[in-house]
Structures are given as structure tokens and as C-alpha cells.
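Remarks on the structure that follows.
Position 1 is the first residue of the sequence; numbering continues from there. Predicted model, so just to flag it, every value in this text is computed and none were measured.
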Amino acid sequence: AIEHPRWLFLQTVVSEPTVWDGRGEECNNARATQCIEDQYGQWTKSKVPAAPANHSVTCSCRNQTQFFVYRPEEREFRLRHGFEVEMPWGLSDAWGRLYQYARGGSLSNQSNRQLGADVKQEGQVTTVIQSADGRECSIGGKSVWGGHESRLGIAGTFREWLVCAG
């Protein structure tokens with residue numbers, strides 16, 4: 001989950017807790033040995049006062065497994081984007097109507113808002129992926145994405161996005 005909208009978190013290490021709880025006969029020496037030696041866990045055992053004899057002992061094995069994510073740079077990142085440009089002077093179309101702003105993006109067709117009224121004008125938004133120096137850069141095998149191609153997002157590996165970012 002992304003907590004801050006301007007940050008992106010790519011997980012490279014996973015820390016996974018494992019907890020096993022038992023009662024009575026399950027809390028034996030074999031379980032303790034298995035927990036400590038095989039799982040590198042922390043074994044705890046305690047008596048429960050005023051409990052029936054077969055449940056008078058509780059135990060648990062807790063451990064933390066850590067591992068690296070396999071090739072995180074090859075995980076898919078899907079970008080959905082949009083734009084809105086305010087034009088206080090107005091932008092006129094072929095019919096002489098003035099528009100206050102134009103907006104569009106990968107999730108929808110382009111639309112315009114006419115001064116004094118809402119008018120939708122559909123058209124395709126073309127997205128061109130460029131590197132920092134202005135050269136076209138390939139994401140998912142292409143650098144130019146038409147509106148219909150990017151409706152579900154522009155998808156590529158983190159490696160591709162990082163290469164384009166420089």
C-alpha cells in the first residue's frame with residue numbers, strides 16, 4: 001500500500017512472522033526441539049492456573065523468516081495518468097466555442113469544459129514516454145501509447161521505468 005501519494009515503495013525484503021500455539025500434550029519436548037532447532041524460533045511454555053488437566057499447559061513457537069524478493073526490478077508497474085490544463089483566456093474549437101480547460105488521461109477520453117456550460121468533446125489521448133533528455137523510451141515494448149492501449153494503465157517492469165528515468 002502506498003501511504004503517501006508522491007512516494008513509491010518497491011519491496012525488496014520480506015519479513016514474515018510465524019506463530020504456532022498449542023495446549024496440553026502438544027507442548028512436549030519434541031515440539032520445543034523442532035521450534036528451536038528446525039525453525040530457529042522462540043519457545044515459550046507456561047502453566048494456566050485453574051484449568052482442566054489436559055489444558056493446564058500452553059506453549060507457543062514464534063519465529064521471523066526473512067528473505068529477499070526474487071528479481072524485484074522485473075515486477076510490473078502500471079501507470080495511470082491524467083492531465084487538466086486551465087485556459088482562463090479560453091480555447092476555441094472549429095465552431096468558435098470557448099473552453100475554460102481541457103482534460104484527459106489514460107482512463108478516459110479527452111474532454112473540454114465550455115465557458116459557462118459543460119460540454120464533452122471526446123478524442124483519444126496519446127501518451128509518449130520520454131527519457132529525461134527527451135528521447136523516446138520503451139515501456140512494455142513501445143514508447144507511444146494510444147488512448148485505447150493505455151486505458152488500463154501503461155505497464156512495464158520497474159527496470160524499464162528506471163532506465164527511462166535515468
Side-chain angles (χ1 to χ4, degrees), residues 1-86 101-111 124-166:
I2 298 174
E3 294 180 15
H4 192 284
R6 294 186 182 168
W7 297 348
L8 180 62
F9 176 75
L10 175 60
Q11 190 169 14
T12 58
V13 176
V14 175
S15 184
E16 187 173 76
T18 304
V19 178
W20 176 87
D21 294 314
R23 291 183 173 274
E25 293 177 8
E26 295 173 322
C27 300
N28 56 41
N29 288 338
R31 281 280 189 187
T33 301
Q34 180 184 13
C35 173
I36 295 166
E37 292 179 6
D38 297 346
Q39 299 176 6
Y40 306 102
Q42 179 182 1
W43 176 259
T44 57
K45 186 175 178 179
S46 60
K47 281 199 168 270
V48 179
N54 61 343
H55 288 95
S56 64
V57 176
T58 63
C59 57
S60 68
C61 179
R62 301 179 188 290
N63 76 337
Q64 196 82 6
T65 304
Q66 291 188 335
F67 57 92
F68 289 106
V69 174
Y70 180 70
R71 297 174 59 188
E73 71 279 5
E74 297 303 323
R75 298 188 93 177
E76 182 181 87
F77 177 73
R78 190 174 295 265
L79 176 71
R80 295 183 180 128
H81 70 288
F83 70 89
E84 181 172 295
V85 180
E86 185 175 0
Y101 66 80
R103 66 177 172 202
S106 61
L107 293 176
S108 64
N109 292 333
Q110 183 177 350
S111 66
Q124 292 294 319
V125 175
T126 300
T127 303
V128 179
I129 309 292
Q130 295 180 332
S131 62
D133 63 5
R135 289 182 292 152
E136 287 190 11
C137 195
S138 179
I139 300 289
K142 55 187 159 194
S143 59
V144 179
W145 291 71
H148 64 285
E149 296 170 312
S150 63
R151 286 187 73 80
L152 298 176
I154 298 172
T157 65
F158 274 95
R159 177 188 305 276
E160 290 174 312
W161 286 105
L162 290 171
V163 166
C164 286

[atom2] on [Y] to [atom1] on [X], rounded to 0.5 Å:
X	Y	atom1	atom2	value
Glu160	Ser143	CD	OG	11.5 Å
Asp21	Arg62	CG	CZ	5.5 Å
Thr157	Arg75	OG1	CZ	12.5 Å
Ile139	Ile154	CD1	CD1	8.5 Å
Cys164	Gln130	SG	CD	10.0 Å
Ser150	Leu79	OG	CG	9.0 Å

How far apart are the closest heavy atoms of Leu10 and Pro72, and which atoms are they?
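That would be CD1-O, 3.9 Å.
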Indicate the atoms forming the closest heavy-atom contact of Trp20 with Glu26, along with that distance.
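In this case the closest contact between Trp20 and Glu26 is CH2-O, 3.7 Å.
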Side chains of Glu16 and Thr65: is there a donor and an acceptor less than 3.5 Å apart?
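There is no such pair between these side chains.
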Exam field: side chain Glu136 to backbone Val128, donor-acceptor pair closer than 3.5 Å:
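It does not hold such a pair.
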May I ask you to establish whether Lys142 and Trp145 are in a cation-pi arrangement, using a distance under 6.0 Å from NZ or CZ to the six-membered ring centre and at most 45° from the ring axis?
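Because its charged atom sits under 6.0 Å from the ring centre and within 45° of the axis, Lys142 does stack over Trp145.
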Pair Ile129, Trp161 - check side chain to side chain contact (heavy atoms under 4.5 Å, CB included), show working.
CA-CA 10 Å; Ile129 309 292; Trp161 286 105; 4.2 Å; yes
